[in-house]
Amino acid sequence: MHRRQFLKLTAALSAAGALPLWSRSLMAASRPLLPVPSLLEPDAHGQYTLTAMTGSSEWNGKRVPTWGYNGNLLGPALRLQREKAVTVNIRNHLPEATTLHWHGLEIPGAVDGGPQALIAPGATRQVTFTPDQPAATCWYHPHLHGRTGYQVAQGLAGLVLLEDEASGKLRLPMQWGEDDVPLIFQDKQLSDDGTAIAYELDILRAAVGWFGDLMLTNGVPYPQHAVPRGWLRLRLLNGCNARSLHIAASDRRPLYVVGSDGGLLAEPIRVESLPLLPGERFEVLVDTSDGKTFDIVTLPVTQMGMTLAPFDQPLPLVQILPLRIMASGTLPDTLVTLPALPATEGLQSRWLQLMMDPQLDQQGMQALMARYGDKAMGGMAGHGMNHGADDSAMPMDHGAMPMEQGAMPMDHGAMKGESHPADHYDFHTGNKINGQAFNMTKPMFNVPSGQPEKWTISGEGDAMLHPFHIHGTQFRILSENGKPPAPHRAGWKDMVSVNGWRSEVLVRFNYIASAEHAYMAHCHLLEHEDTGMMLGFSVS
Ligand code: C2O
Ligand code: CU
Ligand code: CU
């Protein structure tokens with residue numbers, strides 16, 4: 001069957017009365033269809049426009065105010081070509097300032113859209129850049145300091161599909177919305193009456209992040225999607241503010257990971273399930289040739305606060321319904337050549353120590369227990385240090401920490417200082433890196449461009465998951481929480497897990513970022529980021 005016929009057929013499927021007999025039993029009339037973000041078209045001048053705007057969405061039969069780009073919720077996907085310049089007009093029709101950051105793109109600080117790149121209400125900002133990095137699934141979202149969590153929770157996020165020659169030659173599935181399907185996963189908490197997004201940034205959220213019990217895929221709870229039979233490509237984005245996910249097929253059919261945050265892997269990696277951090281992307285291929293219906297689910301995780309129902313058992317995210325049409329993409333044996341890692345001896349190294357004020361940690365945990373009870377601690381009974389890492393190695397090994405450039409102010413005296421009464425403690429700067437909450441005006445350090453460096457990000461000292469992200473680079477993970485990276489995490493990445501232990505990444509910045517438009521390195525648990533766990537750095 002040809003593409004056009006397929007499109008007609010899926011359009012027909014969308015109109016409930018028109019379902020062919022053989023599929024009527026498959027498509028549950030009550031289950032919503034998966035919305036597929038449209039591909040943004042350039043205007044007559046070849047420019048793109050993204051307008052951040054207010055709107056509304058319907059969940060559980062109720063209208064809820066939401067925000068989106070060029071629409072009510074989320075945004076269109078931008079399909080970009082490597083080495084081809086792109087101009088985007090970013091218009092702000094929101095009642096407050098915003099910024100638009102290109103997460104995963106290696107572009108200069110001046111167009112990166114970090115917290116300095118404010119767009120006032122009513123204003124437009126134009127950016128032009130030329131991506132020059134391997135094909136990847138990236139995304140865009142707001143980055144207004146102190147407000148990123150709120151604005152993302154309102155619905156602002158969209159995908160960037162970067163293509164290159166190598167990716168075009170592989171016969172991966174690439175019919176958008178048919179056998180190449182984006183899945184943006186987000187959880188939300190609605191108000192008790194279900195008519196508003198109940199976003200809060202309080203001491204509880206500053207400690208464990210904002211999370212909710214309404215799980216959405218492309219903005220809809222548990223939708224269904226009809227696909228051709230054969231190889232199905234899923235572009236997975238964990239767009240949650242704080243919640244880590246653990247993706248699997250309901251019948252445990254294997255997932256073949258072909259790409260990570262910043263590009264395709266050397267070869268497909270077969271996994272049974274796939275942990276997915278907030279901010280992280282993976283591309284997976286799934287074999288649907290048996291024609292059987294299955295769900296993509298998220299399995300329970302042990303992250304603090306994220307163990308409550310309905311996340312205490314496999315939770316369906318989207319139902320996949322293979323049609324009697326053959327898909328044309330394939331699963332190649334090999335994908336792209338990843339450059340060998342250089343020797344790390346002698347490289348400039350930096351230490352980023354993630355820290356949470358003890359007051360925030362204690363009071364946040366108390367608030368979590370008070371609100372949700374023990375259940376919220378899930379598998380994490382006995383909150384304290386380092387769950388799941390190697391305890392024998394736990395004593396802070398200061399000797400092993402590189403002390404060059406004095407980037408390691410482990411001021412234990414200050415960390416363990418007197419705790420203040422709750423009403424005096426300001427959690428807005430309760431999360432820190434190297435002892436400092438985010439400082440918009442002063443980058444923490446400067447990095448020479450074009451030089452590989454080894455960065456160690458340590459979360460020793462708390463039991464929180466910190467999904468860590470660095471702007472301006474696609475890096476390689478050298479070690480993750482004390483272990484070599486899993487094979488599907490060994491390619492291009494811009495996110496690394498820091499979970500009660502430390503992780504090492506090999507970074508390199510190919511573009512300039514001035515102090516005024518510094519790049520950011522931060523925890524992508526957005527409430528940690530918004531309350532200080534972020535640093536700016538320049539590249540020259
Ligand atoms: Cu996805 Cu600095 O952000
Ligand atoms: Cu980013
Ligand atoms: Cu964090």
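For ligands, and for the atoms within them, numbers begin at 1 and follow the listed sequence. In this text the structure is predicted, and so the values were computed from the model without any measurement. Keep in mind that the numbers below use all heavy atoms, side chains included, and drop hydrogens, waters and symmetry copies.
- A cation-pi geometry, defined here as NZ or CZ lying under 6.0 Å from the six-membered ring centre and within 45° of its normal, holds between Arg205 and Phe211.
- His428 pairs by the side chain to side chain donor-acceptor pair (under 3.5 Å) definition with Asp426, not counting sequence neighbours.
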- Task: Could you please spell out the steps behind the ring-ring contact (aromatic ring centres under 6.0 Å, His included) verdict for His101 and Tyr140?
- Result: CA-CA 5 Å; His101 167 58; Tyr140 59 91; over 10 Å; no

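- Taking distances strictly below 2.8 Å, the protein N/O/S atoms close to the Cu ion (ligand 3) are His466 ND1, Cys523 SG, His528 ND1.
- Screening His471, His524, His469 against His143 for a ring pair (Phe, Tyr, Trp, His ring centres under 6.0 Å) leaves a single residue, His471.
- Taking the side-chain contact (heavy atoms from CB on, under 4.5 Å) definition, one finds that Pro448 meets it with Arg350, Gln451, Glu453, sequence neighbours left out.
- Looking only at atom types and distance, the side chain of Asn89 has a donor-acceptor partner in the side chain of Gln126 under 3.5 Å away.
- Atoms of the protein (N, O or S only) found under 2.8 Å from atom 2 (Cu) of ligand 1 are His143 NE2, His471 NE2, His522 NE2.
- Between Arg371 and Glu200, at least one side-chain N (NZ, or NE/NH1/NH2) sits under 4.0 Å from a carboxylate O, which counts as a salt bridge.
- In summary, Arg79 and Glu163 engage in a salt bridge, as defined by a charged side-chain N under 4.0 Å from a carboxylate O.
- Using a 4.0 Å cut-off between charged nitrogen and carboxylate oxygen, Glu280 and Arg489 count as a salt-bridge pair.
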